[in-house]
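Index from 1, following the sequence.
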Amino acid sequence: MALDSDRRTLIAGLFVAGLAAGGAGGHGGRRARTPGIAITIDDFDLTDTPVLRGEDRDTAIRAALQRHQVKAAGFVAGKYVDEKLAPRVLRRWSDDGHILGNHSFSHRSFDAQQPDALMDDILKCEPLLSGYPGFRKLFRFPYLAEGKTAEARDGMRALLARHGYRNAPVTIDTSDWYIDNRLKARLQANAGSAIAPYRRFYLDHLWDRATFYDGLANALFGHSIDHTILLHHRLTTGLFLGDALAMFRARGWRLVDAEKAFASPVLRMQPNTLPAGQSLVWAAAKADGRFDKLLRYPGEDGDYEAPRMDALGL
Ligand SMILES: [Zn+2]
């Protein structure tokens, strides 16, 4: 398993700073525990892709969750809710016991909007979801952008609360979308291209990012937490989610229902960083002040993965 330089830097930096978690810290041994991971899947763009049609991709994703007996959360952007397909897919998510949350209608970055405009856009999406029993007033910010100014950040927090919504934070951010873009481009150029090398890269990437953010959580809180990982309703998730869940279990992580993870106090934190957003663990580390040299901005992006994918010919 490759450790990228970023994670090596984190580990080395934590030890140099005397911040590597050596025990249960101030929280008592009861809470020193193995990390947990809840699956959250964004956007629900059900467009057909190479290998899997949109609906078949959804069937594969739910089958993987079912096999591993874990309940996820789907964050749906209203612009992707088409009349024919979405009601079937969203009904199945709800019937399977997964949560459906709001990802706004237009999926615009909050950094380019005013709080009132974003709240209107969230409320525009709500009727597309509220009829399903799995619907919860949980909101996932598009691009994890929670405001560039204190006024926007705090204004949005107040508006969400006023409308009964909660932010649904990500603690493990990934660039699955970027790996997916490259896999799809390869398959479009040559339908017979090997998928296995992409699967390997994808699993390595998820593991690398998960251990990075869990390392930060340990340094911050003295223990692991029940994480929420950000994936997208894309071909990579359809093809590889089952392998990812098996990997985390095999390596000692607990699979956690999304609703349980969102209920934990850690996921209710609201760090006052600017620009607000990113992974919640990233933001908490930024607010803490001791980790600045270890925190790149943005936390994740395709640009970070491109050189290694180029080198591997992916
Ligand atoms: Zn999104």
Which of Asp120, Ile122, Asp121 passes side chain to side chain contact (heavy atoms under 4.5 Å, CB included) with Ser106? It is Asp121
Is the shortest heavy-atom distance from the side chain of Arg166 to the side chain of Phe139 under 4.5 Å? no
Can you check side-chain contact (heavy atoms from CB on, under 4.5 Å) on Leu230 and Thr171, steps first, answer last? CA-CA 8 Å; Leu230 171 57; Thr171 66; over 6 Å; no
Considering all heavy atoms, the nearest Arg91-Gly131 contact: NH2-O, 4.5 Å
Any side-chain donor-acceptor pair under 3.5 Å between Ser224 and Asp214? yes
Taking the side chain from Glu300 and the backbone from Ser175, do they hold a donor-acceptor pair closer than 3.5 Å? no
Can you check whether Ser109 reaches Pro142 side chain to side chain, under 4.5 Å on heavy atoms? no
For the side chain of Ser94 and the backbone of Gly134, is there at least one donor-acceptor N/O pair under 3.5 Å apart? yes
Could you tell me whether Asp48 and Arg57 have a side-chain N and a carboxylate O separated by less than 4.0 Å? no
Does some side-chain heavy atom of Arg153 sit less than 4.5 Å from a side-chain heavy atom of Gln270? no
Backbone of Pro133 reached by a side-chain donor or acceptor of Arg136 within 3.5 Å: yes
Check against ring-ring contact (aromatic ring centres under 6.0 Å, His included), Trp282 and Phe291: CA-CA 9 Å; Trp282 188 101; Phe291 304 96; over 10 Å; no
With a 4.0 Å cut-off on N to O distance, would you call Asp58 and Arg92 a salt bridge? no
Quick one: closest heavy-atom pair of Pro169 and Thr228, and the distance? O-OG1, 2.7 Å
Taking Phe141 as the fixed residue, which of Asp111, Asn167, Val170 is the one that meets the side chain to side chain contact (heavy atoms under 4.5 Å, CB included) rule? Asn167
Do Arg290 and Asp288 sit within salt-bridge range, that is, some charged N less than 4.0 Å from a carboxylate O? yes
Give a yes or no on this: more than 12 heavy atoms of other residues, nucleotides or ligands lie within 6.0 Å of atom CD of Gln66. no
Between Thr149 (side chain) and Ala152 (backbone), is there a donor-acceptor pair under 3.5 Å? yes
Keeping Thr237 on the side-chain end and His233 on the backbone end, is there a donor-acceptor pair under 3.5 Å? no
Just checking, is any N or O donor in the side chain of His223 or Arg33 under 3.5 Å from an acceptor N or O on the other one? no
Is it true that Arg88 and Glu55 make a salt bridge, defined as a side-chain N closer than 4.0 Å to a carboxylate O? yes
Would you say that Leu183 contacts Thr236 through its side chain, given a criterion of any heavy-atom pair below 4.5 Å between the two side chains? yes
Please check if the side chain of Arg254 supplies one atom and the backbone of Thr34 the other of a donor-acceptor pair under 3.5 Å. yes
Check whether NZ of the Lys or CZ of the Arg Arg182 lies under 6.0 Å from the centre of the six-membered ring of Tyr198 and within 45 degrees of that ring's axis. no
Scan side-chain atoms only and decide if Asp42 and His232 contain a donor-acceptor pair under the 3.5 Å cut-off. no
Step through the shown structure and confirm whether more than 12 heavy atoms of other residues, nucleotides or ligands are within 6.0 Å of NZ on Lys137. yes
Report the distance from atom OG of Ser193 to atom CG of Leu187, rounding to the nearest 0.5 Å. 5.5 Å
Rounded to the nearest 0.5 Å, what separates atom OG1 in Thr47 from atom CG in Leu235? 12.0 Å
Quick one: does Asp204's side chain get under 4.5 Å of Arg200's, heavy atoms only? yes
Do Thr273 side-chain atoms and Lys286 backbone N/O form a donor-acceptor pair below 3.5 Å? no
Val256 side chain reached by Ile37 side chain, heavy atoms, under 4.5 Å: no
Cation over ring, Arg209 on Phe212, under 6.0 Å and within 45°? yes
I'd like to know if the side chain of Asp176 and the backbone of Leu231 have a donor-acceptor N/O pair within less than 3.5 Å. no
4.5 Å side-chain heavy-atom contact, His98 and Leu65: yes
Considering non-hydrogen atoms only, spot the tightest contact between Ala38 and Ala258 and give its length. CB-CA, 3.7 Å
Strictly by modelled atom types, are Thr49 and Arg234 linked by a side-chain donor-acceptor pair under 3.5 Å? no
Lys260/Asp257 salt bridge by N-O under 4.0 Å criterion: no
For residues Leu295 and Leu216, determine if any side-chain heavy atom of one lies less than 4.5 Å from a side-chain heavy atom of the other. yes
Rounded to the nearest 0.5 Å, how far does CG of Leu241 lie from CD1 of Ile41? 5.5 Å
Within the 3.5 Å criterion, strictly below it, is a donor on Tyr80 or Asp43 matched to an acceptor on the partner's side chain? no
Do we get Lys79 above Phe105's six-membered ring, with its NZ or CZ under 6.0 Å from the centre and within 45° of the axis? no
Measuring from atom OG1 of Thr174 to atom CH2 of Trp207, what distance do you get when rounded to the nearest 0.5 angstrom? 15.0 Å
Does any N or O in the side chain of Thr211 come within less than 3.5 Å of the main-chain N or O of Asp208, such that one atom is a donor and the other an acceptor? yes
